[in-house]
Protein chains: 2
Amino acid sequence: MRNQLISSAIVLVATLSAAQSQRQLNLMPVPSTVQLGTGQLAINQSFSIAIAGFQDPRLKRGAQRFMSDLSRQTGMLLKQDLAQSSSATLLIHADHGTEEVQSSEEDESYELAVSESSAKLSATNPLGIFHGLQTFLQLVKPTGSGFAVPVVTIKDQPRFVWRGLLIDVGRHFIPVDVLKRNMDGMAAVKMNVLHLHLSDNEGFRVESKRFPKLQEMGSDGLYYTQEEIREFVAYARDRGIRVVPEFDIPGHSRSWFVGYPELASSPGPYKIEPDGPNSVMDPTREGTYKLLDKFIGEMAQLFPDAYFHIGGDEVDGGPWDANPKIQSFIHSHGMKDNQDLQAYFNRRLLKILTKHHKIMMGWDEILHPDLPKTIVVQSWRGQESLATAARLGYSGLLSFGYYIDLMWPAWRHYSVDPMAEDAATLSLEEKRRILGGEACMWTEWVTAENIDNRVWPRTAAIAERLWSPEGVQDIGSMYARLSEVSWRLEWLGLTHRSGKIQMLHRMAGSEDISALRILADVVEPVKDYTRISNVKGPWDFRAPLNRLVDAVSPESDRARRFGDLVEKYIQSRYRDQATAGEIRILLTGWRDNDAKLHPLLEHSFLLRDVTPLSQDLAALGESGLRALDYLEKSESSPESWRVQQLARVESSREAKADLLLMVVAPVERLIEASARQIH
Amino acid sequence: MRNQLISSAIVLVATLSAAQSQRQLNLMPVPSTVQLGTGQLAINQSFSIAIAGFQDPRLKRGAQRFMSDLSRQTGMLLKQDLAQSSSATLLIHADHGTEEVQSSEEDESYELAVSESSAKLSATNPLGIFHGLQTFLQLVKPTGSGFAVPVVTIKDQPRFVWRGLLIDVGRHFIPVDVLKRNMDGMAAVKMNVLHLHLSDNEGFRVESKRFPKLQEMGSDGLYYTQEEIREFVAYARDRGIRVVPEFDIPGHSRSWFVGYPELASSPGPYKIEPDGPNSVMDPTREGTYKLLDKFIGEMAQLFPDAYFHIGGDEVDGGPWDANPKIQSFIHSHGMKDNQDLQAYFNRRLLKILTKHHKIMMGWDEILHPDLPKTIVVQSWRGQESLATAARLGYSGLLSFGYYIDLMWPAWRHYSVDPMAEDAATLSLEEKRRILGGEACMWTEWVTAENIDNRVWPRTAAIAERLWSPEGVQDIGSMYARLSEVSWRLEWLGLTHRSGKIQMLHRMAGSEDISALRILADVVEPVKDYTRISNVKGPWDFRAPLNRLVDAVSPESDRARRFGDLVEKYIQSRYRDQATAGEIRILLTGWRDNDAKLHPLLEHSFLLRDVTPLSQDLAALGESGLRALDYLEKSESSPESWRVQQLARVESSREAKADLLLMVVAPVERLIEASARQIH
């Protein structure tokens, strides 16, 4: 299968190169094979869709949703009813339905053939149809003569069966409507697993009817009712998305202990507040398992997916060490350490999960020789950990490298491949155990307000990594397509672009945010765990997230493009006047912006701490302009000037207000370049 | 009462002038009296609200909604629960509840007193509380030290009891969620009547269980179910908004005849399609009244409001003239013309409405001496018509001047006063019959996608006209406050700003819409009925509304501000260099934009017809820059040059692609000014 995929990638590259000269298809994720023809299929108000072959209500709803999406995308009022005859513009044909509960092994492939008069979409089952319809929507563009889809034949299937997005609803609750629109976004880029991290120290987010103190005492009142869960599970299923629930135990479980302190390894009382005591579950008490059995039984009904995630990460051994009863349990059972105790806990858990017909999933830490090969390991540690598991016979998926809360640029996530590094050395059989990956949206610094901005559009790059052939690697192409996906995602109700603007208005408290936008467009939040390590005292999940760092995009397009311009200018050996002009306009805007922004910064407490950033930006603008003057005049800049400027630039590199100025490096490039005299 | 209001207005002007020097409150609508103190009340995470005095579930929901709005506005996680004690930051006190069905005569006044430690909001009933909470939300601003509300005492009541927004859901269906967010917008600016124009030739939009062919055959499948109606009526009531239904008869009623052709004055068959035949109801058939009795009985249950609007406008007499049976009815009943026949129809209708406990409302045309004084006239004709009705003893409200589909600038609607013109000469008693006014959103050119953009923010200016004291007239102040209201309205889910951007992306089919935005920002749709008169053949309500004219704001802020800059520069006798610089930047941008925009215009059929506009804008930029050169050099421009430029400018004044370039007049000013040599 791998060889087959690699040859697909070659076909793709060949056909795409041919295509690019004619037209940029802008598909994301890139399909396995694309054969572009000549001509186009007009998409006008007589457009219709019909279903041949297998039919069921879900497929019908999917077709109607497609018509409604197409209507929104084009601004044309289209008939939402399906056409009866096979004379429809787009004919859908699925061979059969899917399993009643979507499994991780379904065939998701499809074939889309577009001619000048009609289009046909075929697939084994509705999942392939859903993916093909998304491809079709991406193909619809305004042309000189109307909306149209190019004549094309696409054969497509995913590289990995598991293409997930984890949303941590424990630390900050994410309401159902926000989950739904994010699922729409997932479907648009062909992701198929929504992994919900449903409990953590800060909140228990699911209604349990058997143990109501879990949500009532273990949250601030924000949790999903069982009715809501059934609703969004059905919503997901309609879009070919599986919902995998995670209840993170035995660590990360303070919220359980608020209502049920007897579950903890240390005496309570507990509260969800940030200064509440931490603990871990007591694996030595039979009562723990009795409760878990009933609770998991209840949840197994609610979440139909075959997989059940029990977390298992970052178990703090302290509370176990401090509890003599637990210590004596360890010794009397012949265990050598806390890891053995966790493995014991997991074995007991596995029995419960198996009883309730669930496959156990957990983070790297659950890996232990005592556990059978049926469990699935999700790796936050990396391909080495994943490869080790695969060699031992365990299935797994990669999340290392896909932590979108770390504020990495899209290209960095894009370059992480579940099959790379250590995994590349696996045998074919071992490789088959690598199911795919999941983007992880941990929400320490994310709320319902800015989650769209954190997830999108970067997650689309991860979706492409997990769907498209391994050979699809061109970062420039990825960014071009990501830009287009980005504004298209706003049609689905996502607010990653519009929401930012509103947050800037809030900070400014006024209509005119033009100067603030200029600054906001060239900064990015600090990376990795810098922000949390800057917190003094305990991290407070209730603290408002309404600062500039919370509003700006994780990745600055403006800064990236400025860097590209500077490179282009340098590559031209300083001859490209048009590019120099563009660079000058940007630098001038930055130099002059601080004076305009200053009154706003003074006025609003939400902005005051970005004052030094604005000053740095002005200074960078000034330095860059001077460097550009030297370069344009083909004069060498004085060394003393350069030393001074580079020192100033260096100080602009430091994070301020948890933000990084992203134009530092290109300005530095200009200053350094100005040393050389070119003729 | 009028004298009292006028003196309030004087107090207001006095207190506001004092206030402006300290702080711009930016309240819209401007309250009756504002007494600004010193200091401020901090709004932080410990903010709480409590209810003293009258309590009911609606008031409680209102208070919770306020907390949720405040949370969204500030980005702070606030407790949604009400505080128990009177130690709350904001204490609410209502004396008693409202009537079970909100009447048009309820007391809507409130008093808000904010000190440095707390705030108290008092009102006779929850309606005043809802208004006061909106005022409070508008007062919350980021300051140097945190979010805060200034120390202030506000006593406020509406000038008119009827402050409405009509939405025509007949011509284009507007879904429930769009209605809801528009009601949120209405509540934010203290409007209290949502008037739904529920049927017209193109669609019948309400489910009737007694006459299901009305909606089934009389619409394209888009209508409100009875459950949805109950839902949005309850939603409205929660916000102090009355819902007044309109079924427009005997004209504008083609959609009735599709299912029930026997109601029409001419033989059918009928269809809702644009080329379907028009007709009017047959008022001579007893069967017509039997059906109307049962139908109105059903609707009277569904819409609890005391008022029931029967339209009655623009009755085409042709079908009556052409029907011999109807003609003989007219003669045999001693009527002299079709107007008498309509009056007969209305008298029969009045009997039915009275039986179902409804007050009859209609447009100007229903006014007839045969009808009793209990009916209410809504005037699309103007204050003269309204004053005539008032003199005859009829109550009425003004919509002339508030037709927001005509694409007028906000200042023009703002300057229309129900009490002005002929109405100003009425006696005090007659004036009391003028209940207020309604902004009218007719939807020939409006869909669910762009309705927010058509309604907001301009409707807020009309809301102020109907709420604030008569003396509140400053257009500059209105625009400053309107700008702020505009971005605040997007918090409520309205898309009048963000939606435009998405539509531009659709037209461009690409990410980079910067050049398109420059053009879009300085054009406005053609005014009045020009667009419909440009249509060749019958107007088709199914035609896509996805062109630039459908996306741009009805009023260009950019053009208005450019005009202000030019005036300022001329007033400075060409000495204000900073302003000249700002003018130059804008003109340069426009001059250079066409070249950048050109590839996009070529590429997309949705944009091709704006090509001449883009060229005009470039030419205006060039002419303006040359004029500015002369002015800055204090040189007189050659007359021949001016003649040539002014001819070019003249041709830019013509509408193209149903759009007007709004910077023509200021550029003309510059060219003309360049004739004079100033030192």
Side-chain angles (χ1 to χ4, degrees), chain A residues 26 44-45 72-77 79-81 140-148 172 220-222 447 449-450 480 482-484 486-488 490-491 495 497-499 501-503 505-513 541-547 550-551 557 602-608, chain B residues 26 44-45 72-77 79-81 140-148 172 220-222 447 449-450 480 482-484 486-488 490-491 495 497-499 501-503 505-513 541-547 550-551 557 602-608:
Chain A
N26 273 344
N44 52 39
Q45 276 193 291
R72 190 166 40 188
Q73 187 177 318
T74 58
M76 297 192 296
L77 293 173
K79 290 218 174 81
Q80 305 298 303
D81 299 336
V140 177
K141 304 265 163 66
T143 71
S145 55
F147 285 106
H172 280 108
D220 46 3
L222 299 172
T447 64
E449 181 174 45
N450 69 354
L482 194 65
S483 287
E484 179 155 333
S486 180
W487 62 263
R488 283 172 173 255
E490 285 246 340
W491 289 122
T495 61
R497 297 158 68 102
S498 50
I501 306 301
Q502 278 303 104
M503 292 179 79
H505 279 297
R506 171 198 291 150
M507 285 171 239
S510 70
E511 165 72 5
D512 185 5
I513 54 165
F541 64 93
R542 295 162 315 182
L545 299 180
N546 54 9
R547 305 270 168 157
D550 302 303
D557 288 334
E602 285 251 296
H603 190 75
S604 168
F605 75 108
L606 292 171
L607 288 172
R608 192 162 301 155
Chain B
N26 274 344
N44 52 38
Q45 276 193 290
R72 187 165 43 188
Q73 187 177 319
T74 58
M76 297 191 297
L77 293 172
K79 291 220 174 79
Q80 306 296 305
D81 299 335
V140 177
K141 304 265 163 64
T143 70
S145 54
F147 285 108
H172 281 108
D220 47 1
L222 300 171
T447 64
E449 180 175 48
N450 69 354
L482 195 65
S483 289
E484 179 154 335
S486 180
W487 62 263
R488 284 173 173 255
E490 286 245 341
W491 288 123
T495 61
R497 296 157 70 102
S498 50
I501 306 302
Q502 277 305 104
M503 292 179 79
H505 279 296
R506 170 199 291 150
M507 286 172 240
S510 71
E511 165 74 5
D512 184 4
I513 54 164
F541 65 93
R542 297 161 314 184
L545 299 180
N546 54 10
R547 305 271 166 156
D550 302 304
D557 289 334
E602 287 249 299
H603 190 76
S604 168
F605 76 109
L606 292 172
L607 288 172
R608 193 163 301 156

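Worth knowing before you read on, the calculation uses all heavy atoms, side chains too, and leaves out hydrogens, waters and symmetry mates.
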Toward chain A, the part of Gln80(B) with a non-hydrogen atom under 4.5 Å: neither
Heavy-atom contact with chain A under 4.5 Å, split by part of Ser145(B): backbone
- prompt: Which residue out of Arg608(B), Glu602(B), Met507(B), His505(B) racks up the most heavy-atom pairs below 4.5 Å with chain A?
  reply: His505(B)
Heavy-atom donor-acceptor pair, Gln45(B) side chain to Arg542(A) backbone, under 3.5 Å: yes
message: To check you understand the geometry: which heavy-atom pair defines the closest contact between Pro142(B) and Ser604(A), and what is its length?
response: CB-OG, 3.6 Å
field: Engaged part of Ser510(B) at the chain A interface, taking heavy atoms whose separation is under 4.5 Å
entry: backbone
- prompt: Who pairs with Asp220(A) by salt bridge (charged side-chain N to carboxylate O under 4.0 Å, His left out), at least two apart in sequence or on another chain?
  reply: Arg205(A)
task: Measure the acute angle between the ring planes of Phe147(A) and Phe605(B), then classify it against the limits of 30° and 60° as parallel, tilted or perpendicular.
output: perpendicular
query: Checking Arg72(B) against chain A: side chain, backbone, both or neither under 4.5 Å from a heavy atom?
result: backbone
message: For Thr74(A) versus Asn546(B), what's the shortest heavy-atom pair and its separation?
response: O-ND2, 2.7 Å
query: Under a 4.5 Å cut-off applied to non-hydrogen side-chain atoms, are Ile501(A) and Arg497(B) in contact?
result: no
- prompt: Measuring from Glu490(A):CD to Ser498(B):OG, what's the distance to the nearest 0.5 Å?
  reply: 7.0 Å
- prompt: What residues, two or more places apart in sequence or in another chain, satisfy side chain to side chain donor-acceptor pair (under 3.5 Å) together with Glu449(A)?
  reply: Arg506(A)
- prompt: Measuring from Met76(B):CE to Leu545(A):CG, what's the distance to the nearest 0.5 Å?
  reply: 12.5 Å
- request: For Gln502(B) and Trp487(A), indicate whether the former's side chain and the latter's backbone hold a donor-acceptor pair under 3.5 Å.
  value: yes
- line: Scored by heavy-atom pairs under 4.5 Å with chain A, the best of Leu77(B), Leu607(B), Asp512(B) is Leu77(B)
